[in-house]
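Worksheet: the structure to be examined is printed underneath.
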Amino acid sequence: MNAQNKTVADTWTVAGRTFTSRLIVGTGKYKDFAQNAAAVEASGAEIVTVAVRRVNISDPSQPVLMDYIDPKKVTYLPNTAGCFTAEDAIRTLRLAREAGGWNLVKLEVLGEARTLYPNMVETIRATEVLAKEGFDVMVYCTDDPIAAKQLEDVGAVAIMPLGAPIGSGLGLQNRVTIRLIVEGAKVPVLVDAGVGTASDAAVAMELGCDGVLMNTAIAEAKDPVLMARAMKSAVEAGRMAYLAGRMQKRRYADPSSPLAGLI
Amino acid sequence: MSLDESLSIRVNGEHRRAAPGISITDLLVELGLDPLRVGVERNLELVPKSTLAEVQVEDGDDYEIVHFVGGG
C-alpha cells in the first residue's frame with residue numbers, strides 16, 4: 001500500500017462503528033448553539049460529546065442542543081461529567097441510553113473537583129458494570145498503562161487517557177506513558193483532555209493515538225471556528241506523520257545538499 | 001391525594017400536581033417535552049422508553065427527567 005492509499009482508506013473503528021474523522025469535540029462552553037454548531041462543522045468531527053442534565057421544566061421552549069446539532073448526522077457520545085462515584089456514572093448513562101437510544105458512551109468518574117483527575121478504582125468498577133449491561137464504554141482515564149490494561153480487561157471499547165487536566169490546555173504532559181498505552185492496547189486509544197492548541201493535537205496523533213477528544217481548546221479560542229479548522233488539520237497532519245514514520249533523531253547536523261561538486 | 005383528587009408529584013426536585021390516570025408520556029407532553037428526547041427515572045428506577053406510555057403517574061411519584069446538553 002503506498003502512502004496515498006493509506007491516507008485515503010484511513011478510518012478507525014470503535015465497537016463496530018467506523019469513522020473517518022479522528023477528532024471528537026465537546027459541546028460545552030460555547031457562546032451559543034450557533035457558534036457551537038459552526039465549530040463542529042469546521043472541525044469535521046463525526047462524534048460530539050454531550051452531558052446529561054435535568055430538563056428545564058420552567059421553560060421547555062428554550063432552544064436545545066439537538067435543534068442545532070442533529071444526532072442523526074453526528075454521533076452523540078453522552079458523558080458522565082460531574083460524576084464522582086461509579087453509581088452516579090452508571091445511573092447517568094442508563095438514563096442517557098433511554099434519552100438517546102444508543103449505547104456508545106463516554107465514562108468519566110472524577111476523583112476531585114480541583115484537578116478533575118479520574119478516580120480509577122471507581123472508573124474500572126463502573127466500566128465493568130456498564131460493559132455487562134451492554135454499553136460500549138469509551139473511558140476517560142489516567143495516563144497509566146497498567147490501568148489502561150485493566151480497563152480493557154473489564155470491557156472498555158476505547159481507552160482515553162488525559163493529556164493534562166480537563167480544561168487546562170497544558171498539552172500532553174507525558175508522552176512516554178501515552179505511547180506505552182498505545183503500544184499495549186488492542187482497542188482504540190484517544191487522548192482526552194489537556195489539548196490547548198493545534199500542535200498538542202498533532203503530538204497526540206504522532207504518538208500513534210487513534211484520535212483526540214477536546215472541548216475547551218476550541219470553545220475558548222478567540223475564534224472557535226478557526227481553531228476547529230486548525231484542530232482538524234492538526235489531527236490529520238499528526239496522523240499522516242505517524243503513518244509516514246518520522247526520521248531518526250541525530251545529535252548533530254547532517255547536510256541535505258551534496259558534499260560532492262562543491263566549488 | 002389532595003381534596004381535588006389531583007396527584008402530588010415531584011419533577012426534577014420541584015413539586016407539581018398532575019391529573020389522575022395520566023401516563024408518563026402524558027406528563028411529558030404536558031410539560032412541553034418530546035418523549036423521544038428525554039430519559040426518565042421514576043422513584044430512582046429507570047423507565048424504559050418503550051413503557052413510558054403504559055406507566056401511570058401515581059401520587060407521591062418522584063421523577064428525574066434528563067436530556068442532552070452541551071458538555072465536554
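Heavy atoms only: backbone and side chains are in, while hydrogens, waters and symmetry mates are out. Every chain is numbered from 1, with letters handed out A, B, ... down the list of sequences. It should be emphasised that the depicted structure is a prediction, and the values quoted were computed from it without experimental measurement.
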Do NZ/NE/NH1/NH2 and the carboxylate oxygens of A/E46 and A/K73 come within less than 4.0 Å?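 No, this pair does not count.
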With chain B as the partner, which of [options] has the greatest number of non-hydrogen pairs under 4.5 Å?
options               : result
A/A96, A/A81, A/A193  : A/A96
A/R91, A/K29, A/E108  : A/R91
A/V55, A/L65, A/T49   : A/V55
A/I69, A/N36, A/V52   : A/V52
A/G28, A/P71, A/A99   : A/A99
A/L77, A/N215, A/T216 : A/N215

Name the member of B/L52, B/N12, B/L46 that forms the most heavy-atom pairs with chain A at distances under 4.5 Å.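 The residue among B/L52, B/N12, B/L46 with the greatest pair count is B/N12.
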Tell me, out of B/R16, B/E14, B/R37, who's got the most heavy-atom pairs with chain A below 4.5 Å.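 Going by pairs under 4.5 Å, I would pick B/R37.
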Chi angles and distances behind the salt bridge (Lys or Arg N to Asp or Glu O under 4.0 Å) call for B/D59, B/R17: CA-CA 9 Å; B/D59 196 50; B/R17 297 219 154 263; 5.6 Å; no
Expected output: side-chain A/T127 to main-chain A/T123 donor-acceptor under 3.5 Å: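 Such a contact is found between A/T127 side chain and A/T123 backbone.
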Exercise: identify the closest heavy-atom pair between A/A86 and A/R125: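 In this case the closest contact between A/A86 and A/R125 is CB-NH2, 3.6 Å.
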For a quick test of reading the model, state the closest non-hydrogen atom pair linking A/A164 to A/G171 and the distance between them.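 Closest pair (atom of A/A164, atom of A/G171, distance): CB-O, 3.4 Å.
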What class does the angle between the rings of A/F19 and A/W12 fall in, given that below 30° is parallel, 30 to 60° is tilted and above 60° is perpendicular?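 Aromatic pair A/F19/A/W12 classed tilted.
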Under 4.5 Å from any heavy atom of chain B - which part of A/Y140: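 Nothing of A/Y140, per the 4.5 Å heavy-atom cut-off to chain B.
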Side chains of A/E112 and A/T115, donor plus acceptor under 3.5 Å: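 There is such a pair (donor and acceptor under 3.5 Å, judged by atom type) between the side chains of A/E112 and A/T115.
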